[in-house]
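Some notes on the structure that comes next.
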Amino acid sequence: MSREFTPKVITANALIEGDVVYFTAHDTWSRALQDADVLTDEADAALRLLIAEARNDEVVGAYLAEMKPGADGPDPVHFREEFRRTGPSNLFHGKQADIASRA
Amino acid sequence: MYTYSEFDSAFVAERNRQFRAQVERRIDGSLTEDEFKPLRLMNGLYLQLHAYMLRVAIPYGTLNSRQMRQLAMIAERWDKGYGHFTTRQNIQFNWPNLANVPDILEALAKVEMHSIQTSGNTIRNVTADHFAGAAADEVADPRPVAELIRQWSTDHPEFQFLPRKFKVGVTGSPNDRAVTASHDIGLRIIERNGEIGYRVLVGGGLGRTPMIGKVLADFLPEADLLPYIEAVVSVWNLLGRRDNKFKSRIKITVHEHGIDEIRTRVEKHFAIIKPSFAGIDQQMLAAIRADFAAPAFLTASETPYTHARQHDPVFRSWADTNLSEHRVPGYAIVSISLKAHGKTPGDASAHQMRLMAELAERYGHDELRISHEQNVILPHVHKSFVPSVFAALRAAGLGTANIGLISDIIACPGMDYCALATARSIPIAQQIATRFDELKLEYEIGEMKIKISGCINACGHHHVGHIGILGLDRAGVENYQITLGGDHRTDARLGDRTGPGFAADEIVPAIERIVYAYLDLRTAPSETFLAAYQRLGLAPFKAALYKTEAQAYAAE
């Protein structure tokens, strides 16, 4: 029996800046995980990934990352995705600093 | 030190011109990522977790003040104001923007630096003893031959598509500080009956399948070295496994075919190619040697040094740990710790880089070294200047007196930066250093090498740490395996795995249990952890390490 499909988002790194981006329901790339389109259907996810991968001149290495429902949109299942959406833990750089500077 | 010839400058400029055009074509969409990736990797540009990462080669870890200042400028102008020195004596910038990388490479070329062959399946930056040219125990300076190998291997047409990466390390001292036994080729300069030659080790490597290098040639005459190592790489280039990435390194080739079979093949190929070398390599080596002539050492009174030692206990403590014996009387080798307690091992701010450059220029014959232990060395400082050097270092947060102690930890970037990592390394290093600083036990513990890797690729050299820590992903949780009794020196040894790993919040107490066991078990303070381990073996340390859990089970 195939395993039940768990919710996913499409994520990649931006071509120029190299930072983490998420694919939205409007076919755009967002720096914030809460803007990501949460995909709950396997066939839909596969199709959406093909669309995202075709945006080869905007991003690098698009893939599906597993998520679970959180208080403010999707939350990463794996700690690697938690670091990707936050930034390094030794220095206040990356997304955490970008969010702080915008606030 | 070596300075670029017209040929070198033109070669680097041409490569930079090509890469600038490649970046432009990637950005305008003419190149796909699949097409661009091998091109950027040839120029040391990785895409990591949060950003691009540019790895810049510091050949055999040697640089001058002008180069260090340029690294500081790059860190400030195009990165986040700091750089990370690595276990391969390179520097990595963690935050460059793709569009700026061609400008960064151009800025590097202005000070005779580049990123060529810091990635990809090529012969990588040649590493060497960070005390080269200065150590009291040295047979010969390893840098001229390291530079010869660098020139020979750079853009070598036969070796641009090797089965996998290939690393060469050189020591010129019988006390190996360059971890030569963990390199694809490890070279040890030795003297026999007044003649200088090389002991050639092959097939060392850490990573997924750690191996200690085996002796391929016990004593190779100097003139045979370049054709001989060319023969080694050629044999492996044809024989190495291209079907399986995990079996492609020469250590596996040596393991599968046996050292004797490899030696036979190498010697056969060597006999064929040796005549084509015709002595030009030896002429080049002689010219390179002249570039590495010793500086004009000073003769001066050591009074400022002895006075500071007598009257300033903080200075004395630092001098006891961070100075090493220089081959010239009156001189010292100064190790600058990039391991301030709680900071990231190997990181230096632009301000710190500039200060180290200034100290090298003013007090150190304009020479700096990067060690594989992620510290910076001023190899030639007259003792009369050492108090001034220490005062300046201390004011810049670089005065930590911990070289060789438990907080002088090697840590790879781990999952805080690296796309390959399975767990974090840096926070573990920060916590261990902070904890033992709080306990005020560092000096009592004495010599201790903790080495941490955030994945099995072992950039953090955990297999050869006295205490090695390997971060893994166990069912979606960071988990840390411990090895004990590894040794990176001449008689290198891989550590023994203790057993089940520990969660991130259990690892510091686990290290504490090992350390307290050592303090209880040692015969005297002079018996180092490694010596105690070699005397007692794994059992008592293992018992102490898992004691808490065993007691908890017993109580159930």
Side-chain angles (χ1 to χ4, degrees), chain A residues 3 6-8 10-22 29-33 49-50 52-68 70 74-101, chain B residues 23 25-37 40 45-54 79-82 84 94-101 342-345 347 349 411 413-431 473 475-478 504:
Chain A
R3 286 173 59 185
T6 51
K8 294 187 174 53
I10 294 168
T11 180
N13 288 72
L15 172 64
I16 310 274
E17 296 83 358
D19 60 340
V20 175
V21 290
Y22 302 95
W29 297 100
S30 168
R31 257 79 194 172
L33 175 57
L49 182 60
L50 285 174
E53 280 173 338
R55 308 279 285 269
N56 173 54
D57 53 346
E58 297 167 5
V59 299
V60 180
Y63 65 93
L64 293 165
E66 204 172 332
M67 295 289 149
K68 58 185 185 245
D75 269 341
V77 169
H78 196 276
F79 61 91
R80 186 178 195 269
E81 292 302 324
E82 188 59 51
F83 293 130
R84 286 183 79 242
R85 80 145 163 192
T86 311
S89 55
N90 66 321
L91 292 168
F92 194 69
H93 286 158
K95 286 219 176 317
Q96 54 201 344
D98 298 340
I99 292 162
S101 69
Chain B
V23 170
R25 293 205 296 282
R26 176 68 184 105
I27 291 174
D28 75 16
S30 314
L31 290 176
T32 65
E33 186 60 21
D34 286 346
E35 290 163 334
F36 179 65
K37 189 177 176 184
R40 68 169 159 80
L45 186 64
Y46 288 75
L47 184 55
Q48 298 284 35
L49 275 192
H50 314 292
Y52 286 96
M53 180 273 280
L54 183 68
D79 208 88
K80 292 192 188 292
Y82 74 101
H84 177 75
N94 285 326
W95 304 94
N97 177 306
L98 175 62
N100 292 331
V101 173
K343 300 286 187 195
T344 304
D347 275 11
S349 68
M415 203 182 272
D416 285 306
Y417 298 91
C418 179
L420 298 174
T422 44
R424 287 174 296 170
S425 306
I426 293 168
I428 305 301
Q430 291 173 309
Q431 287 163 31
D473 172 354
V477 180
E478 289 169 297

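In what follows, chains carry the letters A, B, and so on, assigned in the order in which the sequence lines appear, proteins first and then strands, with residues in each chain numbered from 1. If you're wondering where the values come from, they're calculated on a predicted model, not measured in any experiment.
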Sort [X] into side chain, backbone, both or neither according to what part of it lies under 4.5 angstrom from a heavy atom of chain A.
X: Y82(B); result: side chain
X: P413(B); result: neither
X: V23(B); result: neither
X: N100(B); result: neither
X: Q430(B); result: side chain
X: E478(B); result: both
X: A429(B); result: neither
X: R26(B); result: both

Report task. Can you establish whether the number of heavy atoms outside K37(B) located under 6.0 Å from its atom NZ is more than 12? Result -> no

Query raised in the report: Any chance NZ of K343(B) has more than 12 other-residue heavy atoms, nucleotides or ligands included, within less than 6.0 Å?
Result: no

Query raised in the report: Do N56(A) and T32(B) have a side chain donor and acceptor closer than 3.5 Å?
Result: no

Separation between [atom1] of [X] and [atom2] of [Y], rounded to the nearest 0.5 Å:
X: E82(A); Y: M415(B); atom1: CD; atom2: CE; result: 12.0 Å
X: L49(B); Y: R85(A); atom1: CG; atom2: CZ; result: 14.5 Å
X: I16(A); Y: L98(B); atom1: CD1; atom2: CG; result: 5.5 Å

**Report entry** D28(B) vs D57(A), side chain to side chain contact (heavy atoms under 4.5 Å, CB included): CA-CA, chis, key distance, verdict
**Finding:** CA-CA 7 Å; D28(B) 75 16; D57(A) 53 346; over 6 Å; no

Report task. Please step through ring-ring contact (aromatic ring centres under 6.0 Å, His included) for the pair Y417(B) and H93(A), ending with a clear verdict. Result -> CA-CA 11 Å; Y417(B) 298 91; H93(A) 286 158; 8.2 Å; no

How close do [X] and [Y] get, counting heavy atoms only, and between which atoms?
X: V60(A); Y: Y52(B); value: CG2-OH, 4.2 Å
X: I27(B); Y: L15(A); value: CA-CD2, 4.2 Å
X: T422(B); Y: F79(A); value: O-CZ, 3.3 Å

Please determine, among [options], the option with the most heavy-atom pairs under 4.5 Å with chain A.
options: D34(B), L31(B), L47(B); value: L47(B)
options: N94(B), V101(B), V477(B); value: V477(B)
options: A419(B), G414(B), A421(B); value: A419(B)

**Report entry** D19(A) vs H50(B) side-chain heavy atoms within contact, under 4.5 Å
**Finding:** no

Query raised in the report: Side chain, backbone, both or neither: which part of V21(A) has a non-hydrogen atom closer than 4.5 Å to chain B?
Result: neither

Requested in this report: Check the pair D473(B) / H78(A) against side-chain hydrogen bond (donor to acceptor under 3.5 Å, both in side chains), numbers first and verdict last.
Outcome: CA-CA 10 Å; D473(B) 172 354; H78(A) 196 276; 2.5 Å; yes

Requested in this report: May I ask you to name which of R80(A), E58(A), R84(A) has the most heavy-atom pairs under 4.5 Å with chain B?
Outcome: R80(A)

Requested in this report: For D347(B) and N90(A), run side chain to side chain contact (heavy atoms under 4.5 Å, CB included): C-alpha distance rounded to whole Å, both residues' side-chain angles, the deciding distance at 0.1 Å, then the answer.
Outcome: CA-CA 11 Å; D347(B) 275 11; N90(A) 66 321; 4.2 Å; yes

